[in-house]
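Below is one structure; the comments refer to it alone.
Chain identifiers are assigned alphabetically (A, B, ...) following the order of the sequence lines, protein sequences preceding nucleic acid strands; residue numbering begins at 1 within each chain.
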There are 2 protein chains.
Amino acid sequence: MTYEQALTALADPTRRHIFEALKDCPKTVGELAHSQPVSRPAVSQHLKVLQSAQLVSVRPEGNRRFYAIKREGLEELRTYLDGFWNDVLSAYSAEIAHRMKKT
Amino acid sequence: MTYEQALTALADPTRRHIFEALKDCPKTVGELAHSQPVSRPAVSQHLKVLQSAQLVSVRPEGNRRFYAIKREGLEELRTYLDGFWNDVLSAYSAEIAHRMKKT
DNA sequence: CTTGTTCGTAAGTCATAACTTACTGTAAGT
DNA sequence: ACTTACAGTAAGTTATGACTTACGAACAAG
């Protein structure tokens, strides 16, 4: 269910950059906004989308809020693609077998 | 490079449905349009996007054109996600180690 | 040669979502 | 207590892209 949200979330370049900026360590909204060519509210809105796609999580600390990569959404996406990949491979080998039988 | 195109291509629901409809066997544009609530030209445009993302391939046969899943784009996307996944895991364990050291 | 499929492209419409600025809220510092 | 820093929300603008209808090209069939 969430793999669709993960796909639409990661489709936007800005959102992907934000997501990738969180790869090594959690960051605050301000930090993320500094490394992006967009305003801070824009980053907030992108983080909201990423959060609803289960791709990031928040940890409030005093005045600031630290965003970090959440594994759930990413794992769902990986699982979906793996399943698709396996289906494609089996369909491919099935077609090979079918052709072998014909000749 | 193409993993970005693959993400934006698979973000659209209609395009994802078309892509998934090709999972078992190659189909023509008309066949795909029949299984979708959109017009045939719309399907053509979606196929164009999928093709530039290396997600599908074409094989003309007389009057018709058979579209099929192409492994390149899907594989690039999988590779990207796998790399990202590994980075996240290593960063996670690094943070754990860091905290262990501190206490 | 004409007719009928099958499909791609062009042009135009419309909805969505990615931004902006302005405002509000909350925690920390003086 | 007031001020400053940090972040989310509201509202409005604008650009993009997902669709439509109309048209043109290529091949098949009569």
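Note that CZ of A/Arg71 and CG of A/Leu55 are 13.5 Å apart. Values are rounded to the nearest 0.5 Å. Atom CZ in A/Phe66 sits 4.5 Å away from atom CZ in A/Arg64 (nearest 0.5 Å). Between the CG atom of A/Leu32 and the OG1 atom of A/Thr28 there is a distance of 6.5 Å, given to the nearest 0.5 Å.
In this structure, A/Arg59 pairs ionically with A/Glu61, as a charged nitrogen and a carboxylate oxygen lie closer than 4.0 Å.
Looking at the side chain of A/Ser44, the nearest of the listed nucleotides C/dA11, C/dC7, D/dG8 is D/dG8. In this structure, of C/dT6, D/dT21, C/dG8, it is C/dT6 that holds the atom nearest to the side chain of B/Asn63. Here the side chain of A/Pro41 is nearest to one of D/dT20, D/dT9, C/dT6, namely D/dT9.
A straight line from CG of B/Leu32 to P of C/dC7 spans 9 Å, rounded to a whole angstrom. What separates NE2 of B/His46 from P of D/dT20 is a distance of 9 Å, to the nearest Å. Put simply, CZ on A/Arg64 is 11 Å from C1' on C/dA28, counting in whole angstrom units. At whole-Å resolution of the value, CZ in A/Arg59 and P in C/dA27 are 17 Å apart. Across the protein-nucleic acid pair, A/Gln45 atom CD and C/dT21 atom P stand 12 Å apart, rounded to whole Å. Atom-to-atom, CG of B/Leu50 to P of C/dG8 comes out at 12 Å; the value is rounded to the nearest Å. Here D/dA7 presents its P atom at 8 Å from CZ of A/Phe66, a figure rounded to the nearest Å. Whole-Å rounding puts the B/Leu47 CG to C/dC7 C1' distance at 11 Å.
If you check every strand for non-hydrogen atoms under 4.0 Å, A/Tyr67 touches sugar and phosphate atoms only.
In this model, the phosphate group of C/dC7 is approached by a side-chain N or O of B/Thr28 to a distance below 4.0 Å at OP1 or OP2.
Nearest heavy atoms, A/Gly73 versus A/Ala6: O-CB, 4.3 Å.
For the helix from C/dC1-D/dG30 to C/dT30-D/dA1, the rotation axes defined at the first and last 5 base pairs enclose an angle of 10°, given to the nearest 10°.
The ring-ring contact (aromatic ring centres under 6.0 Å, His included) check on A/Tyr67 picks up nothing, with sequence neighbours excluded.
B/Glu31 contributes no side-chain N or O that forms a donor-acceptor pair with the base of C/dT6 under 3.5 Å. Between the side chain of A/Arg65 and the base of D/dA7 there is no donor-acceptor pair of N/O atoms closer than 3.5 Å.
Just one of B/Lys70, B/Glu75, B/Gln5, B/Glu72 meets the side-chain hydrogen bond (donor to acceptor under 3.5 Å, both in side chains) condition when paired with B/Gln54; it is B/Lys70.
When each of A/Gly62 and A/Val38 is assigned the nucleotide of DNA chain C bearing its nearest heavy atom, the one mapping closer to the 5' terminus is A/Val38.
Looking only at atom types and distance, the side chain of A/Glu76 has a donor-acceptor partner in the side chain of A/Thr2 under 3.5 Å away.
Atom NZ of A/Lys48 sits in a sparse spot, with 12 or fewer heavy atoms from other residues, nucleotides or ligands closer than 6.0 Å.
One hydrophobic cluster holds both A/Tyr80 and B/Leu77 under the rule that ILVMFWY side chains link at heavy-atom gaps under 4.5 Å.
Taken residue by residue, residues 12-20 of chain B places heavy atoms nearer than 4.0 Å to DNA chain D at B/Asp12, B/Thr14, B/Arg15.
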